[in-house]
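Start at 1 and go down the list; that is how both ligands and their atoms are numbered.
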Amino acid sequence: MTIPADTVSLFDYERRFHERVDPAIRAYIAGAAADGITLRENRAAFDRIRLMPRALVDMSAASAVSTLFGERLDYPIILAPTAYHKLVHPQGELETVRAASLTNCWMTVSTQASVSLEAIAEASTTKLWFQLYMQLHRNDTLTLIRRAEDAGYKAIVVTIDAPVNGIRNDEQRAGFRLPEGVSAVNLSGFEQRSAAPETVGSPVFKGLLQGAPCWDDIAWLCAQTSLPVLLKSIVNPADVVPALGAGVSGLIVSNHGGRTLDTLPATIDLLPAIVAEVSGRVPVLVDGGIRRGTDIVKAIALGATAVLVGQPVLHALAVGGLAGVAHMLTILQTELEAAMALLGAPRLADLKGTIFERGAMASRMQN
Ligand SMILES: Cc1cc2nc3c(=O)[nH]c(=O)nc-3n(C[C@H](O)[C@H](O)[C@H](O)COP(=O)(O)O)c2cc1C
Ligand SMILES: CC(C)CC(=O)C(=O)O
């Protein structure tokens with residue numbers, strides 16, 4: 001696995017990934033729901049935002065370090081949960097977690113990981129979060145939580161935006177199937193929801209949705225563990241009150257990278273209203289389309305505590321294995337530092353106010 005010397009940005013890793021990886025696997029990893037409107041909007045919204053620096057700030061004590069759930073976070077960049085890393089590397093998540101450890105990035109391990117959550121923890125020297133898809137039977141959900149706790153995971157991230165899969169036309173056209181040897185090993189033996197037989201009626205409402213989680217289940221989950229529980233895929237500010245009422249310790253603003261319901265708004269556009277509704281009570285994180293240090297800066301400036309990256313991890317894993325993922329994360333860390341330096345923001349907290357607001361500029365000129 002050689003990484004070409006001109007691979008210098010996350011977009012270069014994405015391009016190489018498309019050159020090298022099998023079309024059906026590409027369709028799963030890079031494909032979005034339906035027409036890909038939300039996938040593209042996540043990026044377009046970041047590109048629309050402009051930054052505003054301060055000049056000649058003393059940067060001698062600059063640092064991107066922060067604290068989250070009482071633990072030091074070197075950079076506000078966390079690996080998002082993504083399923084089946086063995087699709088692009090024979091070592092799968094073991095390779096990814098070694099790269100995350102090398103770069104001191106925290107990693108969220110998917111329920112649908114292709115390696116056991118215990119083996120990933122053993123290979124790790126960084127902090128791990130466990131992403132939970134609530135299972136059909138509560139006992140199975142509890143088994144996953146206890147296994148994650150016993151293996152030393154530091155938080156549970158419960159994903160709430162995929163009670164059914166999005167309509168993934170790219171996967172359907174490419175005929176994507178999990179290859180032999182790649183499976184959700186942590187769910188072995190668990191009964192899964194399945195589409196209802198035709199005789200019963202709607203395959204979704206009468207089948208896949210049966211036993212899908214509701215707010216009561218989130219409250220139940222929070223009561224089962226002393227680990228912080230984060231809710232992944234908050235989109236509507238109206239869901240903040242029930243989420244906090246259920247006892248969650250953090251929120252992740254996410255539209256699943258455009259993979260669930262197409263035509264949802266970009267996450268960076270949703271973030272400010274959710275941050276306002278939360279009003280500092282719990283940390284708010286965001287993912288979707290983060291590809292540049294300037295994207296991270298914009299997310300933090302708009303109130304995020306940290307960001308998560310999904311697809312870029314799989315692009316880099318496919319292109320360069322451990323070295324690829326470590327390089328990709330280092331690029332993001334360096335770009336973040338460069339953006340802070342060029343904005344005159346020595347601390348993450350100083351990023352507030354670095355978003356250019358046309359209206360504010362106009363009223364300043366009138367006064
Ligand atoms: C191939 C792939 C698999 C994913 N698997 C999961 C998963 O198992 N659980 C989950 O909560 N989110 C999953 N996601 C969504 C990510 O956690 C994240 O929300 C999204 O990728 C962020 O957008 P980005 O890819 O533009 O960074 C997956 C995303 C991708 C691309
Ligand atoms: C196996 C899937 C449910 C994992 C996922 O969340 C995704 O592909 O986006």
For the atom pair [atom1] ([X]) and [atom2] ([Y]), what is the distance rounded to the nearest 0.5 Å?
X	Y	atom1	atom2	answer
Leu302	Leu271	CG	CG	6.0 Å
Thr108	Leu79	OG1	CG	7.0 Å
Asn186	Gln112	CG	CD	9.5 Å
Ile37	Asn42	CD1	CG	12.5 Å
Leu94	Glu122	CG	CD	9.5 Å

When you check the gap from the basic side-chain N to the acidic O, do [X] and [Y] get nearer than 4.0 Å?
X	Y	result
Asp170	Arg168	no
Asp22	Arg26	no
Arg16	Asp6	yes

Using a strict 4.0 Å cut-off to heavy atoms of [X], name the atoms of ligand 1 that fall inside it.
X	result
Ile29	1 (C), 31 (C)
Tyr28	1 (C), 3 (C)
Lys232	10 (C), 11 (O), 12 (N), 15 (C), 16 (C), 17 (O), 18 (C), 19 (O)
Leu314	1 (C)
Ser254	19 (O)

Quick check: does [X] get an N/O under 3.5 Å from an N/O on ligand 1?
X	result
Ile290	no
Gln131	yes
Ala83	yes
Ser110	yes
Leu308	no
Gln311	yes
Thr159	yes

Among all protein heavy atoms in this structure, tell me which lies nearest to [atom], with the distance rounded to 0.1 Å.
atom	answer
atom 7 (C) of ligand 2	Arg168 NH2, 3.4 Å
atom 27 (O) of ligand 1	Gly310 N, 2.9 Å
atom 2 (C) of ligand 2	Tyr28 OH, 4.1 Å
atom 6 (O) of ligand 2	Tyr133 OH, 2.5 Å
atom 1 (C) of ligand 2	Gln112 NE2, 3.5 Å
atom 13 (C) of ligand 1	Pro81 O, 3.0 Å
atom 19 (O) of ligand 1	Asp287 OD2, 2.7 Å

Of Arg259, His256, Lys232, which is the lone residue that meets side chain to side chain donor-acceptor pair (under 3.5 Å) with Asp161?
->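 Passing option: His256.
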
Inspect the surroundings of CZ in Arg48 and state if more than 12 heavy atoms from other residues, nucleotides or ligands are less than 6.0 Å away.
->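 Check passes, neighbour count above 12.
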
What do you reckon, does [X] put a non-hydrogen atom under 4.0 Å from ligand 1?
X	result
Tyr84	no
Asn42	no
Arg291	yes

Can you label the angle between the [X] ring and the [Y] ring as parallel, tilted or perpendicular, going by 30° and 60°?
X	Y	result
Phe17	His315	tilted
Tyr13	His327	perpendicular
Tyr153	Phe130	perpendicular

In ligand 2, which numbered atoms sit nearer than 4.0 Å to a non-hydrogen atom of Arg259?
->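 Per the distance check, 7 (C), 8 (O), 9 (O).
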
Between the side chains of Thr159 and Gln131, does any donor sit under 3.5 Å from an acceptor?
->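 Present: a donor and an acceptor within the cut-off.
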
So which of Arg43, His256, Arg259 gets nearest to atom 30 (C) of ligand 1, if we judge by its closest heavy atom?
->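 Residue with the shortest heavy-atom distance to the ligand atom: Arg259.
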
